[in-house]
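Taking it in order: structure first as structure tokens, then the write-up.
One is the number of the first residue; the rest follow in order along the sequence.
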Amino acid sequence: MTAYQTHNDASLNGYNGLTLFSSMANEDIAIFFEKFGLIGRPDENRYGYTEGTPVANLFMNIKYLIARDGFVSAQ
């Protein structure tokens, strides 16, 4: 998705996603996300995806971004 509903949208809406907020979030993954240019907050137990670069999308295997207004964008 191109905009957040919650920090756990994938679980809420039943699709595969990269964003997670949890007390069990792995700090190393959050640091990796931070260094990769995505959202990583190891001190806040969360990491997530915002519209990344084509290179980040390639490595994260992101093929589509869906906007809340229904517009679908191919990467």
Residues forming a side chain to side chain contact (heavy atoms under 4.5 Å, CB included) with [X], sequence neighbours excluded:
X: Ile29; result: Asn26, Phe33, Tyr47
X: Phe32; result: Phe36, Met60
X: Glu34; result: Pro42

Excluding sequence neighbours, so at least two apart, what forms salt bridge (Lys or Arg N to Asp or Glu O under 4.0 Å) with Arg46? Glu44
Search all heavy atoms of Ser23 against all heavy atoms of Asn45 and return the closest pair with its distance. CA-ND2, 3.9 Å
